[in-house]
*Asks:* 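My questions will all concern the structure given below.
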Protein chains: 2
Amino acid sequence: MSIIFSRQCEYALQAVSYLALQPAGKKTSIRELTKKLKIPYHFLAKILQDLTYKKLLVSQKGPSGGFALAQSPDQITLFHIVEAIDGSDFAHKCVMGFPECSGKNPCSIHHQWAKMRDEIYSMLVTENITEMAREMKKPEYRL
Amino acid sequence: MSIIFSRQCEYALQAVSYLALQPAGKKTSIRELTKKLKIPYHFLAKILQDLTYKKLLVSQKGPSGGFALAQSPDQITLFHIVEAIDGSDFAHKCVMGFPECSGKNPCSIHHQWAKMRDEIYSMLVTENITEMAREMKKPEYRL
DNA sequence: TTTATATCAGACCTTTTTGTCTTAATATAC
DNA sequence: GTATATTAAGACAAAAAGGTCTGATATAAA
């Protein structure tokens, strides 16, 4: 099965998107997130914990606790999230899996692929959470 | 870990590439392939078996047996191989993993992603094995 | 200060993917 | 026809990814 992001990463993107829709500073509980996003509770808990450890979210324990974005949403890009969960190997790894594939020693689709990979990368780096939230407020949005 | 193709699929692409470099009709043994490509013997055997079952390769048992392309190399595209091993879900699945993401009900990066996905798809469909082999005959090629 | 409500941490289980092994079937060459 | 080189098939093992559970810890509110 061809994938782009791992399931964990998809869940992370979804959760952060949801948090971006909340009023700044408001803490959202795992319970609310899993209910809205239909992600297994404990699995999401681990992902959020991870994002907190990596300084993308902040957490607070206790009643009325929960998670919130750690930084202003226009400083968090999609790439920050992807990198935190899945790493950034895709940005240099050969599509065909040749270990020594490089510019000097290319695989047969190296250059075509490099172009697309760069486009994907620059999308991830450019797109920030503020823009995502704006997009999500459009009437056709699903959440 | 963000991936595009599964390991199996990478190996399939590598193996088919290698076969494309051989004289038309020549049978290549698993042994030779694993030696050159450094892929685990039995694992590759299974992948080749699979590609044979899916009519992309032909096989012959016995001494001087092995595998060869089943069709003229300009009729086999990268997409044929990827589809056979990994399927074509990536061509319609939501990047963020939202189950009901679609044109009418888009995720926040739906449209940007659709553009890139289409480019990738059309590259896979356009690029055929003949072109790959031509590319591989260039001096800087690694095999 | 107590209690209820959260996250934190880590052990554990399940499924999928990757990889290995063994035996059978088959075709070639002698 | 027999020996040998090769793929076919399927069971098995190991590793990675996905998912669950439980108990500890922190904190806010009563």
Side-chain angles (χ1 to χ4, degrees), chain A residues 1-15 19 22 25-35 37-70 82 84-87 89 97 99, chain B residues 1-15 19 22 25-35 37-70 82 84-87 89 97 99:
Chain A
M1 160 194 342
S2 304
I3 327 179
I4 301 297
F5 303 133
S6 70
R7 190 91 124 237
Q8 280 197 46
C9 190
E10 290 178 354
Y11 288 160
L13 291 167
Q14 294 180 21
L19 292 179
Q22 308 309 309
K26 189 204 156 197
K27 299 284 197 296
T28 305
S29 71
I30 301 176
R31 186 166 317 282
E32 178 178 346
L33 284 162
T34 56
K35 205 168 168 183
L37 299 170
K38 309 211 173 65
I39 299 172
Y41 187 95
H42 296 283
F43 195 34
L44 180 57
K46 249 202 276 196
I47 296 167
L48 295 175
Q49 218 172 287
D50 201 4
L51 291 173
T52 303
Y53 177 76
K54 300 213 171 105
K55 313 284 188 199
L56 292 169
L57 303 180
V58 290
S59 68
Q60 183 163 15
K61 293 181 182 177
S64 79
F67 294 86
L69 300 181
V82 171
I85 303 291
D86 275 355
D89 281 3
Chain B
M1 159 198 340
S2 304
I3 328 179
I4 301 297
F5 303 132
S6 70
R7 190 92 123 233
Q8 280 198 45
C9 190
E10 289 179 354
Y11 288 161
L13 290 168
Q14 293 181 22
L19 293 179
Q22 308 310 310
K26 189 204 155 197
K27 299 284 196 298
T28 305
S29 72
I30 301 175
R31 186 167 316 282
E32 178 178 346
L33 284 161
T34 55
K35 203 167 169 185
L37 298 170
K38 309 212 174 65
I39 300 174
Y41 187 95
H42 295 282
F43 195 33
L44 180 58
K46 250 203 273 197
I47 295 167
L48 295 175
Q49 218 172 288
D50 202 5
L51 290 173
T52 304
Y53 177 76
K54 302 215 170 104
K55 312 287 188 197
L56 292 170
L57 303 181
V58 289
S59 68
Q60 184 164 15
K61 292 180 182 177
S64 79
F67 293 86
L69 300 181
V82 171
I85 303 293
D86 274 357
D89 281 5

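Proteins get letters first, then strands, A, B, ... in listed order; numbering begins at 1 in each. Note that these values count all heavy atoms, side chains included, but never hydrogens, waters or copies made by symmetry.
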*Asks:* For A:Y53 and C:dC8, is the shortest distance between a side-chain N/O and OP1 or OP2 below 4.0 Å?
*Replies:*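 For C:dC8, OP1/OP2 do not have a side-chain N/O of A:Y53 under 4.0 Å.
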*Asks:* Rounded to whole angstroms, how far apart are CG on A:L51 and P on C:dC8?
*Replies:*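 So the two atoms are 11 Å apart, to the nearest Å.
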*Asks:* Measuring from A:L19:CG to A:L69:CG, what's the distance to the nearest 0.5 Å?
*Replies:* 5.5 Å
*Asks:* So, taking the atom named CD in B:Q8 and the one named CG in B:L44, what distance separates them when rounded to the nearest 0.5 Å?
*Replies:* 10.5 Å
*Asks:* Which residue pairs pass the side chain to side chain donor-acceptor pair (under 3.5 Å) test with at least one member in residues 43-58 of chain B, sequence neighbours excluded?
*Replies:*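 Listed by first then second residue: B:D50-B:K54.
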*Asks:* Side-chain polar contacts of residues 26-33 of chain A - donor-acceptor pairs under 3.5 angstrom, sequence neighbours left out - could you list them?
*Replies:*
residue: A:K26; atom: NZ; partner: A:Q22; partner atom: OE1; Å: 3.4
residue: A:S29; atom: OG; partner: A:E32; partner atom: N; Å: 3.2
residue: A:E32; atom: OE2; partner: A:Y18; partner atom: OH; Å: 2.8

*Asks:* Once you round it to whole Å, what is the distance between P of C:dA6 and CG of A:L57?
*Replies:*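 Atom-to-atom, A:L57 to C:dA6, this comes out as 17 Å.
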*Asks:* Go along nucleotides 20-30 of chain C 5' to 3' and tag each nucleotide: B for a protein heavy atom under 4.0 Å from its base, S when only backbone or sugar atoms are that close, - otherwise.
*Replies:* BBB--BBBB--
*Asks:* Between C1' on C:dC8 and NZ on A:K27, what's the gap in Å once rounded to a whole number?
*Replies:* 16 Å
*Asks:* Is B:R7 close enough to C:dG19 that one of its side-chain N or O atoms is under 4.0 Å from OP1 or OP2 there?
*Replies:* yes
*Asks:* Can you find a side chain N or O atom of B:R31 that sits less than 4.0 Å from OP1 or OP2 on D:dA5?
*Replies:* no
*Asks:* Measuring from atom CD1 of B:I39 to atom CZ of B:R7, what distance do you get when rounded to the nearest 0.5 angstrom?
*Replies:*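 CZ of B:R7 is found 10.0 Å from CD1 of B:I39.
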*Asks:* I need the minimum non-hydrogen distance between A:D86 and A:F5, along with the two atoms involved.
*Replies:* OD2-CA, 3.5 Å
*Asks:* Tell me: CG of A:D86 to C1' of D:dA16, nearest whole Å?
*Replies:*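 It works out to 13 Å between those atoms.
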*Asks:* Rounded to the nearest angstrom, tell me the gap between atom CD in A:E32 and atom P in C:dT5.
*Replies:*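 About 16 Å, once rounded to whole Å.
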*Asks:* Of all heavy-atom pairs between B:A84 and B:L56, which one has the smallest distance, and what is that distance?
*Replies:*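 Minimum heavy-atom contact is CB-CD1, 3.8 Å.
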*Asks:* Whole-Å distance between D:dT7 C1' and B:L33 CG?
*Replies:* 13 Å
*Asks:* Could you tell me whether the phosphate oxygens of D:dA5, OP1 or OP2, come under 4.0 Å of any side-chain nitrogen or oxygen in B:S29?
*Replies:*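 The answer is no; no side-chain N or O of B:S29 sits under 4.0 Å from OP1 or OP2.
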*Asks:* D:dA16 P sits how many Å from A:I85 CD1, rounded?
*Replies:* 18 Å
*Asks:* Would you kindly give the CG-to-P distance between A:D50 and C:dA9, to the nearest whole Å?
*Replies:* 11 Å
*Asks:* Checking all strands, does B:I30 fall into the base, sugar-phosphate, or nothing category for heavy-atom contacts under 4.0 angstrom?
*Replies:* sugar-phosphate
